[in-house]
Structures are given as C-alpha cells and as structure tokens.
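Written below as structure tokens is the structure these notes are about.
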Amino acid sequence: MLTTSTIAEEVVSRIREILGDAIEDDPITVNDSLTELGFNSLMMARLIVDLEQELKIDPFSEGRISITDIHTVGEMIDAYREAENTLDDRK
C-alpha cells in the first residue's frame with residue numbers, strides 16, 4: 001500500500017525530472033498549476049506513463065477521473081491517492 005506522502009513525493013519527483021533545468025530548485029506545491037509550471041500535453045502524457053510504471057496504478061483507466069480534470073499538482077496527487085484507495089478496497 002502506498003501512502004499519500006509516497007505518492008506526493010513520486011509525483012513531485014517526476015515533475016522535476018520532466019521539467020529539468022526549467023524549474024531548478026523552486027519549490028513545488030499542491031496548489032501549483034501544471035500549466036504554469038510549464039507542462040504541455042506531451043509532458044503530461046510522459047508524467048502519467050512514468051507514474052503508472054512507478055506506482056503500478058492508472059487512475060484514468062476506469063473513467064472515474066479524466067486527464068482533462070487534472071490542473072494542479074494536488075489534483076494529480078489526489079487522482080493517484082484515490083486510485084490506490086480503490087485498489088485497497090478491492091483486496
């Protein structure tokens with residue numbers, strides 16, 4: 001079972017990795033808009049693929065959450081947290 005902090009750390013880590021030098025050491029908060037951080041649709045796709053591979057969760061597969069509903073770092077974290085909770089409930 002993944003914890004919320006583990007999910008949050010992984011999301012932020014992947015965002016930093018994708019943005020590279022563009023973000024430097026600026027803090028990333030849950031309220032930060034992915035668009036304002038510099039994300040485009042290709043970067044969003046890469047983030048989702050990376051997170052699915054690392055966390056073994058796809059919060060978008062069942063259609064409960066749409067990728068277009070994700071605008072902030074916090075919403076991305078929540079999507080993976082909710083998907084993890086759904087998996088735990090099924091076990």
Side-chain angles (χ1 to χ4, degrees):
M1 177 177 168
L2 298 168
T3 64
T4 299
S5 64
T6 302
I7 292 170
E9 289 169 10
E10 192 61 38
V11 168
V12 170
S13 173
R14 296 298 172 167
I15 289 171
R16 285 195 176 285
E17 181 181 304
I18 291 168
L19 291 174
D21 293 337
I23 194 141
E24 297 177 3
D25 290 331
D26 295 339
I28 296 175
T29 70
V30 294
N31 296 319
D32 286 337
S33 162
L34 292 166
T35 303
E36 289 176 9
L37 287 174
F39 262 72
N40 59 36
S41 58
L42 184 58
M43 291 171 158
M44 183 66 111
R46 179 176 168 202
L47 175 63
I48 291 167
V49 168
D50 288 353
L51 290 170
E52 182 178 350
Q53 289 176 346
E54 184 64 31
L55 300 174
K56 309 294 188 239
I57 304 170
D58 180 3
F60 309 105
S61 65
E62 293 185 13
R64 292 182 193 172
I65 301 170
S66 171
I67 294 168
T68 58
D69 294 334
I70 306 298
H71 303 286
T72 67
V73 174
E75 290 170 345
M76 181 65 76
I77 293 167
D78 288 344
Y80 282 87
R81 182 183 48 78
E82 289 173 27
E84 173 68 11
N85 289 340
T86 300
L87 285 177
D88 287 343
D89 290 344
R90 291 182 186 170
K91 291 180 183 178

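Worth knowing before you read on, the calculation uses all heavy atoms, side chains too, and leaves out hydrogens, waters and symmetry mates. Since the model is a prediction, treat every value here as computed from it, not as a measurement.
A search for salt bridge (charged side-chain N to carboxylate O under 4.0 Å, His left out) contacts involving Glu54 returns Arg14, not counting sequence neighbours. Residues satisfying the side-chain hydrogen bond (donor to acceptor under 3.5 Å, both in side chains) criterion with Asp50, sequence neighbours excluded, are absent altogether. With sequence neighbours excluded, the residues forming a side-chain hydrogen bond (donor to acceptor under 3.5 Å, both in side chains) with Ser5 are Thr3, listed by chain and number. Shown here are the side-chain hydrogen bond (donor to acceptor under 3.5 Å, both in side chains) partners of Glu52, two or more places apart in sequence or in another chain: there are none.
Here CE of Met76 is found 5.5 Å from CG of Leu34. Values are rounded to the nearest 0.5 Å. Rounded to the nearest 0.5 angstrom, Ile7 CD1 and Glu82 CD are separated by 10.0 Å. The CG atom of Asp26 lies 7.0 Å from the CZ atom of Arg16; values are rounded to the nearest 0.5 Å.
Counting only heavy atoms from C-beta outward, the side chains of Thr29 and Val73 never approach each other to under 4.5 Å. Side-chain contact between Ile70 and Ile65 is present, with heavy atoms from C-beta onward closer than 4.5 Å. Annotation: side chain of Thr86 is in contact with side chain of Arg64 (closest heavy-atom distance under 4.5 Å).
Val30 and Leu51 fall within a single hydrophobic cluster, where Ile, Leu, Val, Met, Phe, Trp and Tyr are joined by side-chain heavy atoms under 4.5 Å apart, directly or via other members. Ile67 and Ile57 fall within a single hydrophobic cluster, where Ile, Leu, Val, Met, Phe, Trp and Tyr are joined by side-chain heavy atoms under 4.5 Å apart, directly or via other members.
Under the side-chain hydrogen bond (donor to acceptor under 3.5 Å, both in side chains) criterion, the residue pairs touching residues 67-81 are Ser66-Thr68, Asp78-Arg81, with sequence neighbours excluded.
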Side-chain donor/acceptor pairs under 3.5 Å, residues 36-43, sequence neighbours excluded:
residue : atom : partner : partner atom : Å
Asn40   : OD1  : Leu42   : N            : 3.0
Asn40   : OD1  : Met43   : N            : 2.8

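Between Ala79 and Pro59 the shortest heavy-atom distance is O-CB, 3.3 Å.
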Item to check | Audit row: Ile28, Val11, side-chain contact (heavy atoms from CB on, under 4.5 Å) steps and yes/no | outcome: CA-CA 10 Å; Ile28 296 175; Val11 168; over 6 Å; no
